[in-house]
Amino acid sequence: MRTLGWVMVMVTLPLVACGGGGGSGNDDTGANGTTSPVTGTSDGSGGSSSTTGASGLTAGGGSSSVTGTTGVNTSGGGSGGNPEVVVAQLPNGGSQTEFAVNLVDAGLVQFLVEFLSQPTDVDPDELDPGDLKSLVGPSHEFYQYFKDEYDFLFFVSPDELDVNVNGLHETVHTRTIPGTGVNAYSPQEYFGSDGTLMSAIGFVFRSAEQRPPFAHEVLHHYAQHLDESLGFGDDFKGGQAAHWGTTSVNGVLGGFDAATLRCKTPAEAMPPDCTPEGSGRIHYVADAFSPLSSSGLSAGKPYAPLELYMMGLVPAEEIPQSYLILEDASPEPVEYDTATQRMVIDASGMSEVTIGDIIAMHGPRPQLPMDQRTFRGALVVLSATPAGDEFMALANSWAASFGGVNETTEWPSFETLTGGRARMNMRIGDARSENEPIVFPERPDPMCNVYAQDCGTGLACYDYEAPICMPEGVGQIGDACERAHDCALGLDCSVGGGTGYSCAPYCDPSDPASPVACDSLCPGAFAEVFDTVYDENGELSFPIIGGVCAGGAGTGGCDPLNQAECGAGNGCFGREATTCQPAGDLALGETCFPLGVVCVAGTECIGIQGADYSYCQPYCDPNGDGPDACATLCPGGAWNYGDYSICIPE
């Protein structure tokens, strides 16, 4: 895990919701089983949508998911006999079958209800942090009894839950995946996993005939996180943005089949030879699909070629090289023919995006090695009282079929849906022993060197959790940025400067003689980059692995105890490295996310290990006895950074 010396970094990934209550944004049908004009199915399932949440959540009704790095190569999975396992001794009447676990605790059910009930139709960045819920509680409880060997945890309750989604996905641990738009995110320590668990997913039980949307939610770990400028997703940032939208991907995350696309006027004409309506917009006809999110709630729909590419299972050369986009499309069909299951979509026109466009934006997607294509999942039933044998048998059959045991046409396996390219082992493994040693994750091997910039023409080396090659950005030193690869060769997106984040050079903090020494490039205004390393005994250390100048560095920094030197509207912010930056408006003690400068001048967004949030805390004088003395301002103590300190949140 990369840690910057001056700021605690929190990265966010989609909160992907899949709607199931018949409200707006649903893909297939309402919870009452009535036929929807969007897909024409009548199985009572809901739809699916997606957004990004500040806690890495992915809310889902029909289903959803987020991106991960590599799977855990395990034995078992697709077929074979039932191995001998050490069965956990579960409290409160809990039980375990071959493919499902029942944890009995009303509080855990409430975690699931709150998680599935959180807002998913707005941009999570606009929500109060208190509105974002998590599956931390159920996940942590699961690991009290079972080993840390699962990539995905799936939670469901037999109780009737009054929520409008079918599933919701939460990222637990992911590394930056070139080619996908997925960036590093890793709060796994709160869940009880030490890096193996990639995603925690919540499901709603709708009917015995409807298997929860495992395939859809797993896919959200890899898609859709592409830059919005490419045209996938929808115009708003809420629940549907993490699906394919009105594009011809035709996959588990939605889209339409390009082969069925026609003009309404003239009838059956082929686009682009369509005649606009009186409004000037164009009506397109296509087989039923979900324009906002998933047409893939049908358990039998295989992953589309682009989805397989995002998962690292096929190379770019083997998938369609372009996709159609219905621009500015209406979220609801203008017409729907229940007999033919064809629909009319109102849009402003049509455009095309190519796989080359995706690679130019995000770089090529490396394929997963064959020994990293077997994943592990566990289905966990949460209930206030012991789940009955009938429901446990049903849950067992859901998980078994997704894992490749007793699969049917209606309930195919993950292996079948990937065309035999990957597997999902859904068997419940051995119980955790009290003295079981913990195996900690290893840092991924670097792809390149940020100082040597050895990626080749058109590419640059950027230090996400480990250095990777991506298409070179255009931002120069001091230019505003949001991501590392917004910046040009040799630069990273760093805290500081006039916009909160700006491009700044990588620097070497350990070798003063280096041509890129931090002491030469940005004296007094740089951050050391630390790795997180565990030894064989589980002891933690933080070796320095690099450095980066503060955005706007080169002025020698500023003094947090003399905020006036930065001028009106600004403040001096930072830890080891300080720079003058525009001040925020969050007051002392308010919750904050360290995703930019959000606190008022004189305070810093800071948190403590294990806390749910960070808080705006004051800078203080560790050596003085005046009104800004740490002894006066910090009853909970302070972190010292030399000539100044920052109060620890109480």
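Counting from 1, the numbers follow the sequence of the chain as shown.
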### Task
Give a yes/no on whether the SG-to-SG distance for Cys605 versus Cys599 is below 2.5 Å.
no
### Message
Applying side chain to side chain contact (heavy atoms under 4.5 Å, CB included), can you list everything that pairs with Pro366, at least two apart in sequence or on another chain?
### Response
Pro178
### Query
Quick one: does Thr603's side chain have a donor or acceptor within less than 3.5 Å of a partner on Cys616's backbone?
no
### Message
Keeping Gln453 on the side-chain end and Val450 on the backbone end, is there a donor-acceptor pair under 3.5 Å?
### Response
yes
### Task
Please report the shortest heavy-atom distance between Ala484 and Asp492, naming the atom on each side.
CB-OD1, 3.1 Å
### Message
If you apply the rule side chain to side chain donor-acceptor pair (under 3.5 Å), what do you find for Thr196 with Glu149, and how did you get there?
### Response
CA-CA 6 Å; Thr196 298; Glu149 57 187 4; over 6 Å; no
### Query
Does the Cys448 SG fall under 2.5 Å from that of Cys469?
no
### Query
Just by distance, with hydrogens left out, do Glu604 and Tyr619 show a side-chain donor and acceptor under 3.5 Å apart?
yes
### Task
Using only the SG atoms, establish whether Cys461 and Cys455 come within less than 2.5 Å of one another.
no
### Criterion side chain to side chain contact (heavy atoms under 4.5 Å, CB included) on Tyr222 and Arg365, from CA distance to verdict
CA-CA 11 Å; Tyr222 303 93; Arg365 171 58 164 116; 3.9 Å; yes
### Query
With a 2.5 Å cut-off on the SG atoms, do Cys518 and Cys507 make it?
yes
### Query
Sub-3.5 Å donor-acceptor pair from the side chain of His243 to the main-chain atoms of Phe232, do we have one?
no
### Task
Give a yes/no on whether the SG-to-SG distance for Cys481 versus Cys487 is below 2.5 Å.
no
### Message
I need the minimum non-hydrogen distance between Val314 and Ile319, along with the two atoms involved.
### Response
CG2-CG2, 3.5 Å
### Query
Is the backbone N or O of Glu482 less than 3.5 Å from a side-chain atom of Asp486, with the two atoms forming a donor-acceptor pair by type?
yes
#### Entry: Check: Gln118 side chain, Phe115 main-chain N or O, donor-acceptor pair, under 3.5 Å
yes
### Least distance between heavy atoms, Leu633 atom then Cys620 atom
CD1-CB, 4.0 Å
### Query
Do Ser134 and Glu170 meet the criterion of a side-chain donor-acceptor pair at a distance under 3.5 Å?
yes
### Query
Do Asp151 side-chain atoms and Arg376 backbone N/O form a donor-acceptor pair below 3.5 Å?
yes
### Under 3.5 Å donor-acceptor, Gln617 side chain and Ile646 backbone
no
### Task
Say whether, by atom type as modelled, one donor and one acceptor occur between the side chain of Gln224 and the main chain of Leu226 under 3.5 angstrom.
yes
### Message
Testing the basics here: between Arg432 and Phe146, what is the closest heavy-atom pair and its distance to 0.1 Å?
### Response
NE-O, 3.4 Å
